[in-house]
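Some notes on the structure that comes next.
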Amino acid sequence: MRLLVVTQKVDKNDENLGFFHRWLEEFAKFTDGVRVIALQEGVHSLPKNVSVFTFGKRNSRIAKLWKFWELFSYHYARTDAVFFHMIPEYVMAAAPFLVSLKKPSGLWYVHKSVTPTLRWAERMVDWIFTASELSFRLPSLRVLYTGHAIDTGTFRPIPNSQFPVSSSGIRLLILGRISPVKDIETAIRACEVLKNTWQRAWTLSIVGGPLMPRDNDYLESLKKMVKEKQLEHYVSFHGSIPYNEVPSAYLDHDIFISMSTTGSMDKSVLEAMSSGLTIITANEAFKSLLPETYFLETRSPEFLAEHIKILADEPRPNLTLRRLVEEKHGLENTIQKIINAYTKF
């Protein structure tokens with residue numbers, strides 16, 4: 001099978017989309033060839049049977065669309081199936097070709113948002129691939145639950161690692177894009193509770209940066225909150241890091257915190273679990289996956305602070321949480337399920 005992939009960016013160092021490089025490597029293992037049409041192309045080292053073509057280097061939206069049509073029509077005619085990654089608008093742009101030359105098609109989508117474009121795209125493809133039941137909220141007979149494709153070989157714990165990892169105390173971590181939907185302010189308020197009620201040494205690292213220009217104001221408000229609450233000694237902002245440095249970031253910390261309100265399985269939580277960290281999350285998407293110890297039923301600073309105290313002495317690596325990722329969300333299993341859908345069409 002020759003597979004056409006449409007995605008936003010191919011760049012193994014990109015902090016948000018670097019993971020997709022490994023997806024393409026896995027797709028290459030199970031196909032005769034992979035052709036990728038991407039909005040942007042960065043650093044990559046893909047197998048010889050993977051080719052990347054870009055349409056984003058144009059001065060206008062019309063020029064980009066025209067280049068997309070040019071690339072899609074050419075490569076769609078020379079492949080056997082198409083996989084759209086995350087962006088329903090790409091399905092809409094490709095619609096004239098999907099209708100005229102019907103081939104197996106699927107859209108990967110992991111978000112609680114249901115837009116008119118998504119509703120339209122769902123009717124155009126044969127499958128909606130998604131990580132879990134809460135990762136796709138539109139009722140559909142086309143949904144296939146595949147897991148989240150976490151590279152458990154890259155995100156793995158150090159056997160018999162020291163706990164805590166630092167002699168300076170428990171190291172807490174928030175990692176991912178900085179956005180109001182991540183509810184980082186609740187974690188900072190929990191830090192104020194810890195400062196006033198806990199004698200144990202601890203720190204919180206916030207790793208990541210704004211993805212959208214509007215998120216810069218949110219980041220500044222968080223920094224202001226840390227200063228006002230006199231938490232500078234405890235809380236530090238590290239900005240964005242290349243994706244190849246993310247595995248080490250997990251291993252340098254003890255407890256991963258996610259207060260995200262996205263309603264879908266944030267990849268960073270699963271990566272942290274795969275790395276052997278203890279998890280605390282209030283994201284509803286994880287309620288059915290995690291043992292109740294690690295899930296916050298009440299979204300409040302006080303409740304989060306108490307959970308941190310309770311789980312502070314849990315040994316690492318947390319192999320129970322890692323096994324959940326290996327069994328339900330491993331990269332190889334996810335890609336195999338996607339490929340199987342196409343080959344059985």
Side-chain angles (χ1 to χ4, degrees), residues 1-12 14 17-58 63-110 117-118 120-130 136 140 142-144 146-147 149 151 331-345:
M1 180 181 73
R2 297 163 300 172
L3 182 65
L4 176 60
V5 175
V6 183
T7 188
Q8 295 165 273
K9 191 173 188 178
V10 178
D11 185 346
K12 65 181 181 180
D14 187 85
L17 295 169
F19 71 91
F20 197 66
H21 191 278
R22 282 289 292 118
W23 285 43
L24 295 174
E25 292 178 56
E26 287 298 312
F27 278 137
K29 292 179 184 178
F30 296 104
T31 61
D32 297 319
V34 180
R35 303 187 186 200
V36 186
I37 298 175
L39 178 64
Q40 299 179 58
E41 180 181 7
V43 179
H44 58 80
S45 52
L46 293 164
K48 293 182 179 179
N49 64 339
V50 180
S51 303
V52 181
F53 308 89
T54 58
F55 64 94
K57 295 180 179 180
R58 304 294 181 274
K64 288 178 183 178
L65 179 60
W66 187 263
K67 185 62 178 179
F68 175 85
W69 281 341
E70 179 183 305
L71 289 171
F72 191 88
S73 61
Y74 180 86
H75 294 291
Y76 186 57
R78 290 161 177 78
T79 51
D80 304 304
V82 58
F83 176 84
F84 297 93
H85 181 247
M86 200 60 201
I87 308 298
E89 286 78 5
Y90 292 166
V91 180
M92 179 178 288
F97 310 99
L98 298 178
V99 172
S100 61
L101 185 60
K102 183 65 177 175
K103 295 182 179 183
S105 59
L107 167 66
W108 171 270
Y109 192 83
V110 180
T117 304
L118 179 64
W120 188 90
E122 184 268 342
R123 294 194 293 268
M124 291 299 302
V125 297
D126 297 298
W127 305 280
I128 299 293
F129 302 112
T130 193
F136 186 78
S140 173
R142 296 181 172 90
V143 176
L144 182 61
T146 64
D151 184 359
L331 173 66
E332 294 83 0
N333 289 340
T334 296
I335 299 301
Q336 186 67 69
K337 288 177 182 178
I338 293 172
I339 293 295
N340 286 346
Y342 286 110
T343 56
K344 293 177 180 179
F345 183 78

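Quick caveat: nothing in here was measured; it's all calculated off a predicted structure.
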Can you give me the closest heavy-atom contact between Val82 and Val6, atom names plus distance? CG2-CG2, 4.2 Å
Look at atom NZ of Lys102 and say whether more than 12 heavy atoms of other residues, nucleotides or ligands are closer to it than 6.0 Å. yes
Below 4.5 Å, heavy atoms only, C-beta onward: do Arg78 and Leu4 meet side chain to side chain? no
Working to the nearest 0.5 angstrom, can you tell me the gap between Thr343 OG1 and Asp80 CG? 11.5 Å
Between Lys9 and Leu17, the two heavy atoms sitting closest are CB-CD1, 3.7 Å
Supply the atom-to-atom distance Leu118 CG to Met92 CE, rounded to the nearest 0.5 angstrom. 10.0 Å
Would you check if Leu39 and Ile87 make a side-chain contact, meaning some heavy-atom pair closer than 4.5 Å? no
To the nearest 0.5 Å, atom CD1 of Ile128 lies from atom OH of Tyr109 at 9.5 Å
How about Tyr74 and Phe53: are their ring centres within less than 6.0 Å of each other? no
Just checking Phe84 against Tyr90, ring centres under 6.0 Å apart? no
Does a side-chain heavy-atom distance below 4.5 Å link Trp120 with Pro88? no
Gap separating the CH2 atom of Trp66 from the CG atom of Leu71, nearest 0.5 angstrom: 12.5 Å
Using a 4.5 Å cut-off on heavy atoms from C-beta on, say whether the side chain of Phe55 contacts that of Trp69. no
Heavy atoms, side chains only, cut-off 4.5 Å: are Trp23 and His85 in contact? yes
Which heavy-atom pair separates Leu144 from Ala341 by the least distance, and what is that distance? CD2-CB, 3.9 Å
For Pro47 and Glu25, the nearest pair of non-hydrogen atoms, with its separation, is CD-CG, 4.1 Å
Decide yes or no for Ser45 and Lys12: does some side-chain heavy atom of the first lie under 4.5 Å from some side-chain heavy atom of the second? yes
Geometric class of the Phe68/Phe72 ring pair [parallel <30°, tilted 30-60°, perpendicular >60°]: parallel
Would you call Val10 and Gln40 a side-chain contact if the rule is heavy atoms closer than 4.5 Å? no
What is the distance from atom CG of Asp151 to atom CD of Glu332, rounded to the nearest 0.5 Å? 6.5 Å
Closest heavy-atom pair and its distance - Thr334, Gly147: OG1-C, 3.5 Å
Strictly by modelled atom types, are Glu41 and Thr54 linked by a side-chain donor-acceptor pair under 3.5 Å? no
Lys/Arg N to Asp/Glu carboxylate O, Arg22 vs Glu26, below 4.0 Å: yes
Is it true that a side-chain atom of Asp32 and a backbone atom of Arg2 form a donor plus acceptor pair closer than 3.5 Å? no
When rounded to the nearest 0.5 Å, the distance separating CD1 of Ile37 from CD of Glu70 is 10.0 Å
On a heavy-atom basis, the closest approach of Tyr76 and Leu101 is OH-O, 2.6 Å
For the residue pair Lys29 and Ile339, establish whether any side-chain heavy-atom pair is separated by less than 4.5 Å. no
Indicate, with yes or no, if the rings of Trp127 and Tyr342 have centres closer together than 6.0 Å. yes
